[in-house]
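Only a predicted model underlies this, so the values are computations on that prediction, with no experimental measurement involved. Lettering follows sequence order; numbering is per chain, from 1.
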Protein chains: 2
Amino acid sequence: MLCLSQTTGYAIKALGCLNESPGQCGLIAEIAGRTRLPRPYLAKIVNSLARKGLVAAKRGHKGGISLARRPVDISLLQIVEAVEGKEWLGPCLLALDDCTSDNTCPTHDFWLDIGGRIRRKLAETTLAEIIGPRWQGAAQARRVSSAKGSTAGRKATHGPTAVRPDRRP
Amino acid sequence: MLCLSQTTGYAIKALGCLNESPGQCGLIAEIAGRTRLPRPYLAKIVNSLARKGLVAAKRGHKGGISLARRPVDISLLQIVEAVEGKEWLGPCLLALDDCTSDNTCPTHDFWLDIGGRIRRKLAETTLAEIIGPRWQGAAQARRVSSAKGSTAGRKATHGPTAVRPDRRP
DNA sequence: AATAAAGATGACACGGACATCATCTTGCTC
DNA sequence: GAGCAAGATGATGTCCGTGTCATCTTTATT
């Protein structure tokens, strides 16, 4: 499957959810509940993001996590590299192991170009754009026109794990 | 890692190797030896390719496999879809599970465009181009000019598995 | 200082892609 | 048609990305 790892999607969702209360601290448990992500795994992802300086984590009583910068100042590229590492772009589209710099396959230059496009797109797209028309953007959309698409109410009606906000005994 | 599966690379190498004796039957064991691919896994891949009509397999004594069509008539897209299935292109670059057709992420249109480019490139690149300047292409290059780049002799001098033609006790 | 609430962290479990093996089936050669 | 050389196939093993757990560390509150 040609796409970024699922972890990237998790990180973006978590950061988007985190932005809903700007400046304020969110709790990992709470975010996990709202985004329906596995809590312990989310903690790991948040850890990666914190080490890269994308989120600020405050330990101890009354602690929590918050965005370290404004969403406009966080690019998708930074998120991707935080969770997938610097080498997230494969060296050869066709996964040919002997497609090296001095012996390239016919799609090499093409893939280089594509990789550049993707990297550029990720670099210039910010977290603000992601969360704008999607999760919290409903409020903004409502402000513009009272009822336009009317596809607001239904979400998360497709997965096997229904509405359980918490799954501990 | 954003790239196609390793199996795709295996398939391409095997088909390229197979083309070296056009019209003639190659043995899976022999091809596995030459390409340094695991023999049983290669057999599986060849099976997928045979079911999609890309290679012709002849069983029994004096059997073997051969290309079902000329390399010019085999596109990379056909190879990819044979081994990875029709759904090799992820629906969302960022792996956002709720990035559906009516609720798209900011990179959706971009990814659609990129996907189209990749699909088109794979469709218009044929096996002939892959094997041309690479594996068997050395002969062609020599025919044009006796000694041009002079980088002919060195190959496979970069990996950890050196020259072992076979790895059985 | 004791406590409780929060994230950090390393070990472990699971699942699917990748790889291997043993065995079955097929079809040539004689 | 007997024997054998070859691919086909299903069961099994391995590894890494993903997900879970228990425990440790930190810090505000009292």
Side-chain angles (χ1 to χ4, degrees), chain A residues 1-11 13-14 18 24-33 35-52 54-66 68 83-85 87-88 90 95 97 159-161 166-169, chain B residues 1-11 13-14 18 24-33 35-52 54-66 68 83-85 87-88 90 95 97 161 166-169:
Chain A
M1 194 86 124
L2 190 68
C3 70
L4 291 170
S5 125
Q6 205 172 354
T7 308
T8 295
Y10 288 179
K13 284 178 94 169
L18 194 56
Q24 210 172 355
C25 274
L27 272 48
I28 285 188
E30 178 202 355
I31 292 169
T35 57
R36 306 253 197 311
L37 302 183
R39 206 182 332 163
Y41 195 48
L42 175 61
K44 263 193 184 172
I45 297 172
V46 165
N47 196 349
S48 307
L49 296 172
R51 256 179 293 168
K52 290 292 179 178
L54 297 185
V55 310
K58 220 172 92 180
R59 288 179 158 196
H61 196 90
K62 293 269 181 181
I65 56 178
S66 57
V83 296
E84 303 225 9
E87 303 293 319
W88 55 269
D97 57 349
T161 63
D166 204 350
R167 77 281 294 279
R168 78 161 32 185
Chain B
M1 195 87 123
L2 190 68
C3 69
L4 291 169
S5 128
Q6 206 172 350
T7 308
T8 295
Y10 288 179
K13 285 177 95 170
L18 194 56
Q24 211 172 355
C25 275
L27 273 47
I28 284 189
E30 179 202 354
I31 293 170
T35 57
R36 307 249 197 312
L37 301 183
R39 209 180 329 162
Y41 195 47
L42 174 61
K44 264 193 183 170
I45 296 171
V46 165
N47 196 349
S48 307
L49 296 172
R51 257 179 292 168
K52 290 290 180 180
L54 298 184
V55 310
K58 219 172 92 183
R59 288 178 157 199
H61 198 89
K62 293 271 184 178
I65 55 177
S66 59
V83 297
E84 304 224 9
E87 303 293 320
W88 54 270
D97 56 350
T161 64
D166 204 350
R167 74 282 291 285
R168 77 161 32 187

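Atom pair A:Ile45:CD1 and D:dG19:P shows a separation of 8 Å (rounding to whole Å applied). Separating the CG atom of A:Leu49 from the C1' atom of C:dA8 is a distance of 14 Å, rounded to the nearest angstrom. Between B:Ile28 atom CD1 and D:dG7 atom C1' there is a gap of 6 Å when expressed in whole angstrom units. When rounded to the nearest whole Å, the span between CD of B:Gln6 and C1' of D:dC15 equals 12 Å. What separates NZ of B:Lys62 from P of D:dG7 is a distance of 13 Å, to the nearest Å. For the pair A:Leu37 CG and D:dT18 P, the interatomic distance rounds to 13 Å; values are reported in whole Å. Rounded to whole angstrom, the span from the CG atom of B:Asp97 across to the P atom of D:dT18 amounts to 14 Å. Atom-to-atom, CH2 of A:Trp88 to P of D:dC16 comes out at 23 Å; the value is rounded to the nearest Å.
Nearest heavy atom pair, residue A:Leu4 against residue A:Thr8, reads CB-OG1, 4.2 Å. Considering every non-hydrogen atom in both B:Leu42 and B:Ala14, the closest pair reads CD1-CB, 3.5 Å. Counting all heavy atoms, side chain and backbone alike, B:Met1 lies closest to A:Glu84 at N-OE1, 4.0 Å. Residue A:Asp97 comes nearest to B:Lys13 through the heavy atom pair OD1-NZ, 3.0 Å, listed as atom of the first residue, atom of the second, then distance.
The distance from atom CG of B:Leu18 to atom CG of B:Leu54, rounded to the nearest 0.5 Å, is 11.0 Å.
Side-chain proximity of A:Pro38 to D:dT20, C:dA8, C:dC28: nearest is D:dT20. Nearest nucleotide to the side chain of B:Ala57, out of C:dT29, D:dG7, C:dA8: D:dG7. Checking C:dG7, D:dT29, D:dG19 against the side-chain heavy atoms of A:Ile65 singles out C:dG7 as nearest.
With sequence neighbours left out, the side chain to side chain contact (heavy atoms under 4.5 Å, CB included) criterion links A:Thr7 to A:Ser5, A:Tyr41, A:Ile45, A:Val83. Residues satisfying the side chain to side chain contact (heavy atoms under 4.5 Å, CB included) test with B:Glu30, not counting sequence neighbours, are B:Leu27, B:Arg34.
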Footprint string (nucleotides 9-17 of chain C, 5' to 3'): B base within contact, S backbone only, - free, heavy atoms under 4.0 Å: S-B------
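When the side-chain nitrogen and oxygen atoms of B:Tyr10 are compared with OP1 and OP2 of C:dC18, none of them lie within a distance under 4.0 Å.
The nearest heavy atom of DNA chain D to A:Leu42 and to A:Gly60 marks one nucleotide each, and the one closer to the 5' end goes with A:Leu42.
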